[in-house]
2 protein chains.
Amino acid sequence: MSRTEFEPIVDTTRRAEIVGQLRRAILTGKLSPGQKVNELKISKEMRVSRAPLREAVRELVQDGLLTNIPYAGAYVINVVPKDIEDAYALHHVLEDFAIELVWPLRDQRFAAELDRRHVQVKEATRALDTTRQIETALQLHSVIYEWSDNALLLDTWQRLARRLQMYFALHQQARDEPVPDVDMHEDYVRLLKGDDTAAAKQHAREHIDWNFAELVAYAESLAAKRK
Amino acid sequence: MSRTEFEPIVDTTRRAEIVGQLRRAILTGKLSPGQKVNELKISKEMRVSRAPLREAVRELVQDGLLTNIPYAGAYVINVVPKDIEDAYALHHVLEDFAIELVWPLRDQRFAAELDRRHVQVKEATRALDTTRQIETALQLHSVIYEWSDNALLLDTWQRLARRLQMYFALHQQARDEPVPDVDMHEDYVRLLKGDDTAAAKQHAREHIDWNFAELVAYAESLAAKRK
DNA sequence: GTCAATCAGATTGTCGACAATCTAGCAAGA
DNA sequence: TCTTGCTAGATTGTCGACAATCTGATTGAC
């Protein structure tokens, strides 16, 4: 029996590529909230016909990153403070649930994966690459969802994570000061590897709340500017 | 100032219509789990070109009702016991959260809406319309999510509800005995209108578990048959 | 007989063009 | 000046056809 395991072949359709590009554009702020997604313009820029682009837009609409008004177009979602509050409230609940599920399933590979992604966060932080820092931080948080052995929970988290990534990205983009290089995740990782469930949950809660207020304040300024 | 408020015009594109038809077909079992969705065949039956059909398929893929394999096609998702367990576990968590959020927001309109939808469930039950019974029961459960004032939670619930609707529909379709006409929701509605949060949560938990075991048993038989 | 190469059929992915719809601007009338 | 109706332009929705890819059967060599 062969011991090597092969990765599935990547979906190599234009649509998938387009989805990736559009998502990245939204999450990095290249497409701002409220902005219209002009099919003809973008399809020309991407050297692609409108069919796969439109299918990609459908996916992102279902993803919640775009909204669609028939015969009017697709728009990048707007961000209001309430959205961020809602996302954080749900995040608390899901994180609690994930920790509960993952607790008896932890093994050495779980701990190794935590460390691996933690390193990536620290690398991005040291490199002052804020976009990547946000991305890797969310990937670190994803570990408990991936290991919780609940496909639906993982799916729900990934949807939420994309929203959070957008909020963070907008926030970082707005403030010009460099990202703080203190390591926020040392305790998070340590407690997840430890034996105290309650402490892990409690710390996760606080960790999530860390820059919540700042984020809401940003959204408020955005809303004020729009008006 | 005018006092009348008008409803937004319904989106009337073929795509939206197709999404509705396909979703209904899946949720009522007209398209069985694992079955392939042949674009050409269906588009001919619907007298529609493949473009809007494909866009509709993209939406349902994102919805989790279909899976897509590039250059191979879209398939109705398979149901295995683990899926149902996962869905119920998440349902518990969300229901708890929704009750918590909705508790201080309840008013007379909330109670009225609960009653209204409860009546619809009872009507469907009396009419022995199992499909509609499933639909109305889930709509009754939706009330707390709609009133919890958290758009993301509502969205998450609606995705979960569609999965549950599919599971229920498959189950009902498989067993030939008529649906029980006892009213399972009397206590549910009463407790949601009452003053005891803990009791409401506890009952919701039990209510959700009501036919969980039966559903899992069905999924197991399905899995066995497939093998 | 077994296995690999090849080929035909079917199905999905993509394209360019046309139809339906919306929006902004202008003109006519009260 | 405000409202209404019209028009032109732009944009989205839909269509039919072609290209790329997969699947299964057939063929041929060994």
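Letters go in sequence order (proteins before strands), and every chain restarts at 1.
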For nucleotides 13-16 of chain D, give me every protein contact, N/O to N/O, under 3.5 Å, one pair per line with atom names.
unit_1 : atom_1 : unit_2 : atom_2 : d
D:dG13 : OP1    : A:Y71  : N      : 3.4
D:dG13 : OP2    : A:R54  : NH1    : 2.5
D:dG13 : OP2    : A:R54  : NH2    : 3.1
D:dG13 : OP2    : A:R58  : NH2    : 3.4
D:dG13 : N7     : A:R50  : NH2    : 2.8
D:dG13 : O6     : A:R50  : NH1    : 3.0
D:dT14 : OP1    : B:R14  : N      : 2.5
D:dC15 : OP1    : B:R14  : NH1    : 3.2
D:dC15 : OP2    : B:S49  : N      : 2.8
D:dC15 : OP2    : B:S49  : OG     : 3.0

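Heavy atoms of A:K36 sit under 4.0 angstrom from primed sugar atoms or phosphate atoms, though from no base atom. Using a 4.0 Å heavy-atom distance criterion, A:V37 is classed as a sugar-phosphate-only contact.
Sequence neighbours left out, the pairs with a member in residues 16-30 of chain B that pass side chain to side chain donor-acceptor pair (under 3.5 Å) are B:R23-B:D63.
By the 4.0 Å N-to-carboxylate-O rule, A:E45 lies close enough to A:K41 to be salt-bridged with it.
Inspection of the B:Q133 and B:T125 side chains reveals an N or O donor paired with an N or O acceptor under 3.5 Å. With no hydrogens or angles considered, no side-chain donor-acceptor pair links A:Q158 and A:Y145 at under 3.5 Å.
Exactly one residue among A:R14, A:R15, A:R50 makes a salt bridge (charged side-chain N to carboxylate O under 4.0 Å, His left out) with A:E55. That residue is A:R15.
B:Y75 places its OH atom 8 Å from the P atom of D:dT23, with the value rounded to the nearest Å.
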